[in-house]
Every structure is written in C-alpha cells, then in structure tokens.
Protein chains: 2
Amino acid sequence: MRQEDAPLVRTLPLFAGASETTVEKLLQASFLQRFPAQVELISEDQPADFFYVVLEGCIELFANAGPKQSTAAIVRPVSSFAAAAVLRDGNYLLSARTLEPSRVLMIPGESVRAAFAGDAAFAKAFALELAAAYRRTMKALNNQKLRTAIERLANYLLQEHQTQGAAGNLTLPTEKQTLASLLGMTSENLSRSFGALAAHGVKVTGREIQLSDITSLETIAKPTPLIDDPMY
Amino acid sequence: MRQEDAPLVRTLPLFAGASETTVEKLLQASFLQRFPAQVELISEDQPADFFYVVLEGCIELFANAGPKQSTAAIVRPVSSFAAAAVLRDGNYLLSARTLEPSRVLMIPGESVRAAFAGDAAFAKAFALELAAAYRRTMKALNNQKLRTAIERLANYLLQEHQTQGAAGNLTLPTEKQTLASLLGMTSENLSRSFGALAAHGVKVTGREIQLSDITSLETIAKPTPLIDDPMY
DNA sequence: AAGGGTACTTGATATTTATCAAGCAATTTA
DNA sequence: TAAATTGCTTGATAAATATCAAGTACCCTT
C-alpha cells in the first residue's frame, strides 16, 4: 500500500497494541483498495487469500444455496470480515459485495497468520475480532429461531434508532430488499411487517422512518440485551 | 485437578503445541469435573468465569427468549464452548446443560487469557477453536435461513449417517425434542417431517433410523459442503 | 422532460410452520 | 405390578411466511 495511507491505517484498533515491526510487515504486504458499489469482493468456497478490514463504505456478506440467497451480515467501518477463514487457511464461507463505494484494507492471509504467531498483542486483537463476529452470528441465529418476522423488524428498528441517536427517527442504511434478506424474510413480508408496525407508531417514508411510540414498539419487540445489544 | 488425570488432559489438541509451563499453569487452576445428566453448567448472561472442554458425555447449548427456548448446539468430545465469552471477559451468551453424564475440564477465564497472552501456540489453538465455533454457527444460520424444516432434517440425517459410518442406518444421539429445537422446529413438526421422509426411504423406530434410499434423500436435501460438511 | 428500469407495495393464494388437544407408548416411580 | 410421568405422535386448526401477479413510485439516464 502507499506510504501516505499508512498513518491512518495504523490507528486501527486491530493494530493498537502490536509492535512497530508487526504493523510494518502487515502493511507492506497489504492493499488499500477502493471499490465502486455492487462489486463482488469475494466469492464463497474460494481459498481465503485475504483478510478484509472495511475503512469506508459498506459490505454485504451473503450465502447462496441453489436459487436462494441470504444476507448474513452488513459490515461497516471500522470492522472486518473473513477472520475465521484466513486463520484456518480454508475457504470463504460467504460471498461479499460492496453496497456503496468502499475503501478496504486487504491483508494477505499468510501475513495475518505470521503476525498472529509472532505478536501476542496482534493475536489478541485478531482473536477479539473473531470473538465479536462469533457473538454477532450467534445472536443472529437466536434472533432468527426465537422470533417472528415482525419482532425481528421491531428490534432492528429500535437498535438502529439507538445507534442513530435516539431522536425519534432513523434512516435505513440499505435498500429494503437487503434489509429483508438480513432479517430472514422476503421483500413482500418486510413491506407488510412495516404495515403492521404502523399501529405502533412506525411511519415509513422511503428510507426515512419515524418512531412516535417507542414504548408500544418495545412491547411488540420484547428486546433483550443478549440478542439486541451490539456491545454484548 | 488431580495429578492422575493430567496425562489424559495433556493430549488435548488445544494443548498440542503449548509449552510445558503453559499447560502446567492452566491445569493447576482448572477443575476436571463429572456431572450427571440434566445439570445446568452455565446460565446465559452470567459472567464467563470458565472455559469448558467436554471430555466425555454431551452438552446442550441453548438460548432463552421469554417462554421460548432454542438449542444452539450440541457439544461432544473433544470440543469446547464459551471461548468467545472468556476471551472477551464478558458474559455467557448461552446456557449449557448436560444431556448425559459428562466429564468436563473447566479452565478459569483468567488463566485462559494469561496463557493466550504468554504462549503463541496455545493462542493459535484457542483461536482455531473459536474459528471453528464461528463457522459452525454461520453454517447453522444459513441452514436456518435458506432451508425448510424437511430439508434441514434430511441434511441432518445424511450428515449423521456419514459420521456414524454410512452403513445405511444411524442412531439419533439425543431426544427428538432436543433435535427438533436444534433444527429450529417444534416437536410436532419434526414428527411430521420424519413422516414426510418415509417416502424417501427413511424408516424410524424410536431413535433408530434406517436409510434405504440415500439418492432419493439427497434429492430432497440438496446438501452443500458449505453448510453440511463439518470439516469445512 | 420522456422513457426505461428498478425498487417497492399490494392483493390473492399457497405453503410452511406453530399451536392446541388428545391419545399412545415407553419409562420411571411408588 | 400399578400408577404416574414423560416423550412422542396424530389430528384439527390457526398463524406465519412465501409465492405469484399486478400495479405504483422512484430513480436514472438520455
């Protein structure tokens, strides 16, 4: 990667405690790439050559099975993906595409494993990233198995509302079809679920959402930190 | 833990490359415990005091949300759970109970984090354990979102059939209600799904299952290594 | 500004899944 | 051994979700 980008990248939490030489070696082998929207960065079942850190924009991780497709996660700055695949030196489990123009740090798997072996602080940071991914996924699984579509949507809105400042409104960060897939339902079902939540103070205008009755929405959502708190 | 148990425990893959002193320190602080069936070892939302390695028996990991309950995983020897919670020094995301009389190695979180920081080989082995858990969970999420109940059951049977020697028959390792919860359906639905698979050579006698038409079952299941191969 | 494409919504219907209720079977307990 | 408990199955029904088919609104391009 280019020298002038190095200072920015060094501030990443992933590199926080790592030694100068570790970071040096990692960055020397890495690529800091810009991609336009709708580019497929990786394809499931391919050898995991790179570990990805999202610096700007937004990446969708998704899985295919026959004609069906499911969004597993949306990755936003500053976060990463493909940690498990790279550590195991295996294949990607998910495909990834940019949803917006994005800037991504690509670190070769080889380099990641070398840094993991040689620098305990980096190893800890990397493993914590992996642990965070594990917990997000487990929460998504519980969300899917224990809740109905309307409950998942209600909880998503409450969480996004919180993230965006709890000002009584929020903006959907993705297209509704992507949100539907993330929440494990069809587009049509998402549309109707929004309709059903109108009775609980949810007003939809394109991607703009107004929440006028949080209490009522929480009654429907029954949120629990074990599933809905991103920090948990 | 007792001295005479040490030799057995030292052969664990988790300790394979670790230094003598690392293993020594870990085991000194650990407990090798036997539990009868149906004992709740950990409860979700509690501080993650111990990392667990299952040496004998069988542990169910499950989540609660209100009156509902969902089995997230069944852990068998030699495998572990609570890696992410312990590394983060956070709270358990899942509860755990023994399904059979079990023998479990309990390593204090403190000790795990110390060993992780001080021994690169242990750190690698521990992170690989975490990576395996992540991928299992992601596969379970895709399984749940991309497939119907019958497809999930069909794939489960094929996988278990493979694991148990591909001899045309298999034994369900748990009660059917536990299997139902693991596969994300009700008991009643599991019963009917077995009924539906009778047309594809699946004969059920208690926990004994006979598969007389693997080809037909695979047509229904449409297995893919990305979801169904435990090694992937 | 017009046209074309895409995302979204809505309605009608089918499928999947859950719930409720009863009964059966196996196992445990007294 | 009898009773009781528990796990499982089956039937009837309800709820949740997906599918198919239009239709509408919006964005993008020219």
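None of these values were measured; they are calculated from a predicted model. Values below: every heavy atom of this structure, side chains too, minus hydrogens, waters and symmetry copies. In the text below, chain A, chain B and the rest are named by the order of the sequence lines, each starting its count at 1.
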Trainee: Rounding to a whole Å, what distance do you find between Leu153(B):CG and dT17(C):P?
Mentor: 11 Å
Trainee: Of the listed nucleotides (dT9(C), dT9(D), dC8(C)), which one gets closest to any side-chain atom of Lys176(B)?
Mentor: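 The answer is dT9(D).
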Trainee: Could you tell me which non-hydrogen atom of Phe62(B) sits nearest to which non-hydrogen atom of Glu44(B), and how far apart they are?
Mentor: O-OE1, 4.1 Å
Trainee: If you go through the side-chain atoms of Glu188(A), does one of them form a donor-acceptor pair with the base of dC20(D) closer than 3.5 Å?
Mentor: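 Donor-acceptor pair under 3.5 Å: yes.
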Trainee: Salt bridge or not between Asp228(B) and Arg147(B)? Use side-chain N to carboxylate O under 4.0 Å.
Mentor: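 Salt bridge: yes.
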Trainee: Could you work out which one of dT19(D), dC8(C), dT17(D) sits closest to the side chain of Ala149(A)?
Mentor: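 That would be dT17(D).
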Trainee: Using OP1 and OP2 only, check whether a side-chain N or O of Lys68(B) sits under 4.0 Å from dA18(C).
Mentor: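 Checking dA18(C) against Lys68(B), no side-chain N or O comes under 4.0 Å of OP1 or OP2.
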Trainee: CG of Leu99(B) versus C1' of dG7(D): gap in Å, rounded?
Mentor: 15 Å
Trainee: Side chain of Arg192(B), base of dG11(D): donor and acceptor closer than 3.5 Å?
Mentor: yes
Trainee: To the nearest Å, how far apart are Arg207(B) CZ and dT9(D) C1'?
Mentor: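 Nearest whole value for this atom pair: 16 Å.
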Trainee: Can you check salt bridge (Lys or Arg N to Asp or Glu O under 4.0 Å) on Glu208(A) and Lys203(A), steps first, answer last?
Mentor: CA-CA 8 Å; Glu208(A) 299 302 315; Lys203(A) 191 176 172 188; over 6 Å; no
Trainee: What integer distance in Å separates Met185(B):CE from dC8(D):C1'?
Mentor: 15 Å
Trainee: Would you mind reading off the distance between Gln69(A) atom CD and dA18(D) atom P, rounded to a whole angstrom?
Mentor: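 The distance from CD of Gln69(A) to P of dA18(D) comes to 15 Å, rounded to the nearest Å.
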Trainee: For Glu208(A) and dC26(D), what is the distance between atoms CD and C1' respectively, to the nearest whole Å?
Mentor: 15 Å
Trainee: Between dC8(C), dA16(D), dT10(D), spot the one nearest the side chain of Ser191(B), thanks.
Mentor: dT10(D)
Trainee: Report the distance from atom CG of Asn143(B) to atom CE of Met138(B), rounding to the nearest 0.5 Å.
Mentor: 13.0 Å
Trainee: Is the distance from OP1 or OP2 of dA18(D) to the nearest side-chain N or O of Thr186(A) less than 4.0 Å?
Mentor: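 The answer is yes; a side-chain N or O of Thr186(A) sits under 4.0 Å from OP1 or OP2.
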Trainee: Roughly how many Å is it from CG in Leu146(B) to C1' in dT16(C), rounded to a whole number?
Mentor: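 To the nearest whole Å, that distance equals 16 Å.
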Trainee: With nearest nucleotides of DNA chain D determined for Arg147(A) and Phe194(B) from heavy-atom distances, which residue corresponds to the more 5′ nucleotide?
Mentor: Phe194(B)
Trainee: For the pair made of CD in Gln177(A) and P in dT9(C), what is the distance, rounded to whole Å?
Mentor: 11 Å
Trainee: Test Asn155(B) against Gln159(B) for side-chain contact (heavy atoms from CB on, under 4.5 Å), laying out the working first.
Mentor: CA-CA 6 Å; Asn155(B) 279 294; Gln159(B) 190 181 312; over 6 Å; no
